[in-house]
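Both ligands and their constituent atoms are indexed starting at 1 by order of listing.
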Amino acid sequence: MDSFFLFVFMFFVSVQAQTKTNVKHSTTAMFVFGDSTVDPGNNNYITTGLKSNFPPYGINMPSHTPTGRFSNGKLPTDFIASHLGLKDYVPPYLNKTLSIEELMTGVSFASAGAGYDPLTTQINNVIPLQKQLEYFKEYKSRLTTALGTDKIESLFRNAAFIISCGTNDLAENYFTAPVRRYQYNITDYQNLLVQNVRTFVQSLLDLGARKFGFVGMPPIGCLPVIVTLNSPSAILQRGCIDEYSIAAKQFNQKLKAELKTMQNNLANSGIIIVYADIYEPLLDIIQNYKKFGFDEWRKGCCGSGLVELGYLCNRHIAVCPDPSKFIFWDSIHPTEKVYYLLFKSFVGIVDKYL
Ligand SMILES: *[C@@H]1O[C@H](CO)[C@@H](O)[C@H](O)[C@H]1NC(C)=O
Ligand SMILES: *[C@@H]1O[C@H](CO)[C@@H](O)[C@H](O)[C@H]1NC(C)=O
């Protein structure tokens with residue numbers, strides 16, 4: 001075996017051994033809010049153009065079934081839930097047939113296409129964060145009826161609230177739709193998003209949340225569809241669009257600072273608010289794609305890989321023979337392999353705080 005791969009192999013073996021045996025997790029449930037990076041299929045139950053509950057989505061799930069996850073396999077939140085020993089898949093809340101036992105260990109309220117800016121969600125006709133909160137309130141009252149107030153309080157005390165959102169606000173709304181960029185410069189728009197994060201955290205605190213994990217934005221200028229729309233030649237000269245990625249990075253810095261301020265203001269209350277960076281890990285994977293075992297970073301595995309997403313990535317479209325050689329599954333979303341690598345990049349935070 002090539003020594004580098006042997007090294008990588010040994011590294012994974014040792015990381016897995018460490019995280020599986022030494023760390024005791026106190027988390028009893030996981031509640032998830034945000035966009036397509038963490039939506040396991042809530043959009044299946046609403047009227048929107050943003051769906052993925054058809055092949056080839058989900059081809060690398062155990063029974064090759066599409067679920068509404070925007071990837072070929074699992075999402076990062078599925079990996080977190082498995083790692084915490086809760087379950088292997090975080091189900092969508094809008095599946096009304098989930099049992100109380102399934103509901104108790106956690107669900108996702110996320111909706112592909114959602115943003116911190118309500119206008120983003122409106123453009124995509126999906127479930128806004130405010131509505132995701134309303135569903136969480138409904139969840140709380142359903143479970144309170146079934147289990148009693150004491151049980152719910154203790155469940156929430158040790159529950160992790162995971163929020164992954166923001167890419168649609170910048171990539172789709174601010175830079176692509178013709179409204180917000182005429183109303184706000186990029187700095188003011190980033191501040192608006194961060195202000196909405198603050199309001200969202202406060203609402204969840206009021207509902208009994210105590211442990212928060214936020215995921216920042218990726219380098220959005222490297223998403224295949226953004227490269228396609230903004231390159232001098234969408235086919236021959238493809239490269240990351242710096243302006244977009246810089247805006248995402250600045251947002252991440254502001255988000256991180258705001259979360260830290262909130263955490264400091266809540267010191268001694270037992271409340272935990274952590275930030276996980278995926279920007280640098282994903283950029284590292286893109287820039288060193290060969291080292292990570294990938295053949296391609298500039299386009300997605302589905303179809304031409306330049307634009308296909310949602311309904312354009314469907315059963316009539318050819319897919320690449322081996323998705324694990326691709327960084328992107330469709331023109332926006334990473335493959336399961338990349339989601340797994342990103343999960344590994346922040347598993348230390350999971351072990352420390354959850
Ligand atoms: C909804 O949840 C039930 C219970 O877990 C499951 O059997 C069913 O397959 C789910 N429906 C969909 C469409 O995923
Ligand atoms: C953005 O606009 C604000 C006023 O709303 C101004 O203070 C700030 O300097 C502007 N920033 C940039 C980068 O143009």
### Query
Just by modelled atom types, is the Phe79 backbone N or O under 3.5 Å from a matching donor or acceptor in the Lys74 side chain?
no

### Spacing of CD1 belonging to Ile286 relative to CG belonging to Leu282, to within rounding of 0.5 Å
4.0 Å

### Query
What atoms of ligand 1 come closer than 4.0 angstrom to any heavy atom of Leu98?
2 (O), 5 (O)

### Summary
the protein heavy atom lying closest to atom 12 (C) of ligand 1 turns out to be Asn95 ND2, 3.7 Å

## Note on the structure
Smallest heavy-atom separation, Tyr289 atom then Ile327 atom, equals CB-CD1, 3.8 Å

## Note on the structure
The atoms of ligand 2 lying under 4.0 Å from a heavy atom of Thr187, numbered in the order shown, are 11 (N), 13 (C)

## Note on the structure
Per-atom filter on ligand 1: closer than 4.0 angstrom to a heavy atom of Glu102 are 4 (C), 5 (O)

### Task
Assert yes or no for the condition that the ring centre distance of Phe156 to Phe31 is strictly below 6.0 Å.
yes

### Message
For atom 3 (C) of ligand 1, what's the nearest protein heavy-atom neighbour? Residue, atom name and distance, please.
### Response
Thr97 OG1, 3.4 Å

### Query
Looking at atom 5 (O) of ligand 2, what's its closest protein heavy atom, distance included?
Asp188 OD2, 2.6 Å

### Minimal non-hydrogen separation, Arg157 against Lys211, with atom names
O-CE, 4.4 Å

### Heavy-atom neighbours of Gln130 CD exceed 12 at 6.0 Å
no

### Query
Which heavy atom of the protein is the closest neighbour of atom 13 (C) of ligand 1, given with residue, atom name and distance?
Tyr45 OH, 3.6 Å

### Query
What residue and atom, counting heavy atoms only, is the protein's closest point to atom 11 (N) of ligand 2, and at what distance?
Asn185 ND2, 2.9 Å

### Query
Is the closest protein non-hydrogen atom to atom 9 (O) of ligand 2 under 4.0 Å?
no

### Task
For this output row, return yes or no: ring centroids of Phe136 and Phe109 closer than 6.0 angstrom.
yes

